[in-house]
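All remarks here apply to the structure that follows.
Every number for a ligand or one of its atoms is a count from 1 in the order of the listing. Since we're looking at a predicted model, the values are computed, not measured. Residue numbers run from 1 in the order of the sequence given.
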Amino acid sequence: MLENNDQEQNILKFPQSFLWGVSTSAYQIEGGITNDWSQWEMSAKRLAKLRKKNFDYRDFVAGQACDSYNRYEEDAEMVKDLHCGAYRLGLEWSRIEPRKGEFNLEAIEHYRQVLMNLREKNIKIVLTIWHWTNPLWLVAEGGWSNKKVISYYSRYAEFVVAQLGDLVDFWVTINEPSVFVSQSYLIGKFPPNKINFFSAGKAFFNLVAAHQKAYGIIHRHNSRAKVGFTNLVNDFDPARAWFFPEIFLAWLLKFFGNNLFLRLVRGQLDYIGIDYYFHFRIVWYPPFVRNLNKEVTDSGWEIYPRGIYNILQDLRRFKKPIYIMENGIADAADAKRGKFIIDHLRYVHRAIEEGEDIRGYFYWSLLDNFEWAEGYAMKFGLYSVDRQTFQRAPRPSAATYAEICRTNQIRIEK
Ligand code: BGC
């Protein structure tokens, strides 16, 4: 049981060492990157598709993103202003190894500066080694569906760990492998836009091996390192709890979507990192999902805070510390964000009260950024970013989150 729960005032306190943070990724915020995404964004096929829908292609090209490559000090100040004890950020492989086997010392020195600046501010560092984007030379060799990627990724990880390892508190080897595989090789929405079941399978198992190798590499450098990956976990919920086909389908989706990668790497995990965004109410007939959608985000995703609790309960059997590495909402008007955070945290708190080992919560995202195939329209940020001047401004919900992080508690309105 947690101490100091003040029921009368409806204040829910979190454990003393609970880690509050915010998350970003390199490609989504840095700007000025050449990789498989930048190539795809400007490809004739993609541009024609956007033109057909009457979209301005500039809204779908990462370009200068948030210019965080140059404005990282300002970003760190914002993390500090939010009273966050930790910041999850990413590295860009194509900057660090722009040509096969050639490491760019200037780029790694830049990242050292970024991390040192955070440490000076007493902010713990959660570093993502790979968040979906790839150098062009790797793609030319077949990308993640070619077995060679395991040794390429290992060599890259080895370099990064040797150069930056002393500054990192938590490692994320791979961001959401199941999303990468499904979006890139089954749905075809992300590069290499290759709908091929066999490539998907190969990429999946190469990601498993890449994680396993990286785990060993990082631990060889520092036996006390904390290494994990981030897992997108969806709450798959049978529409009728008594109807076998729907129960089975929900179970199947959970098994492949949420748990397979986790099961395969469970021996190489110091913590479980989860990202929660989606609830899917499963029906047995196509399109197999029928959500009630009482409330949705700007991206049309159902707001379903209870789902995070269901997920956390399900993960209990893995018996590892859990960090929520991403949870967030696209909400340009900032009308729902504060409540969204509190409602989710209320369920996180309930899970902790029931004895689950949940050690941190990271809001996605610190600032509005490049939302992959959706471009810039979806605003997940606690801070807005002016697309011309890159000026950052806190939204009202930033104050709400800062207060939560500062006081280590949430206040529930009656
Ligand atoms: C990804 C982020 C993304 C967020 C919101 C997560 O699945 O890791 O890169 O921006 O979802 O879509």
In the structure I gave you, are the side-chain heavy atoms of Arg350 and Arg346 within less than 4.5 Å of one another anywhere?
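Not touching, per the 4.5 Å side-chain cut-off.
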Distance alone, cut at 3.5 Å: any donor-acceptor contact between the side chains of [X] and [Y]?
X: Arg281; Y: Tyr304; result: no
X: Tyr87; Y: Thr24; result: yes
X: Ser17; Y: Arg359; result: no
X: Trp93; Y: Glu97; result: yes

Are the ring centres of Trp137 and Tyr152 closer than 6.0 Å?
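Judged by ring-centre distance (under 6.0 Å), Trp137 and Tyr152 do meet the cut-off.
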Taking the six-membered ring for Trp, are Tyr361 and Phe14 closer than 6.0 Å centroid to centroid?
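For Tyr361 and Phe14, the ring centres are not under 6.0 Å apart.
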State whether the shortest distance between N or O atoms of [X] and N or O atoms of ligand 1 falls below 3.5 angstrom.
X: Asp275; value: no
X: Asn369; value: no
X: Ser25; value: no

Would Glu374 count as a contact of ligand 1 if the rule is a heavy atom under 4.0 Å away?
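Judged by the 4.0 Å heavy-atom criterion, Glu374 does not count as contacting ligand 1.
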Any Asn175 heavy atom less than 4.0 Å from ligand 1
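The answer is yes, since Asn175 has a heavy atom less than 4.0 Å from ligand 1.
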Distance to 0.1 Å, residue and atom name: give those for the protein heavy atom nearest to [atom].
atom: atom 6 (C) of ligand 1; answer: Glu326 OE1, 2.9 Å
atom: atom 4 (C) of ligand 1; answer: Tyr277 OH, 3.4 Å
atom: atom 7 (O) of ligand 1; answer: Glu176 OE1, 2.5 Å
atom: atom 5 (C) of ligand 1; answer: Glu371 OE2, 3.2 Å

Step-by-step side-chain contact (heavy atoms from CB on, under 4.5 Å) determination, Ile129 to Trp171
CA-CA 7 Å; Ile129 300 178; Trp171 293 94; 3.8 Å; yes
Under a 4.0 Å heavy-atom limit, does [X] contact ligand 1 with its side chain, its backbone, both, or neither?
X: Met378; value: neither
X: Thr230; value: neither
X: Trp301; value: side chain

With heavy-atom distances below 4.0 Å as the criterion, list the atoms of ligand 1 near [X].
X: His131; value: 1 (C), 2 (C), 8 (O), 9 (O)
X: Trp132; value: 1 (C), 7 (O)
X: Gln28; value: 2 (C), 3 (C), 9 (O), 10 (O)

Can you check side-chain contact (heavy atoms from CB on, under 4.5 Å) on Tyr57 and Met42, steps first, answer last?
CA-CA 9 Å; Tyr57 80 93; Met42 290 305 284; 4.0 Å; yes
In terms of the angle between their ring planes, are Trp372 and Phe370 parallel, tilted or perpendicular, with boundaries placed at 30° and 60°?
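Rings of Trp372 and Phe370: perpendicular, as their planes differ by over 60°.
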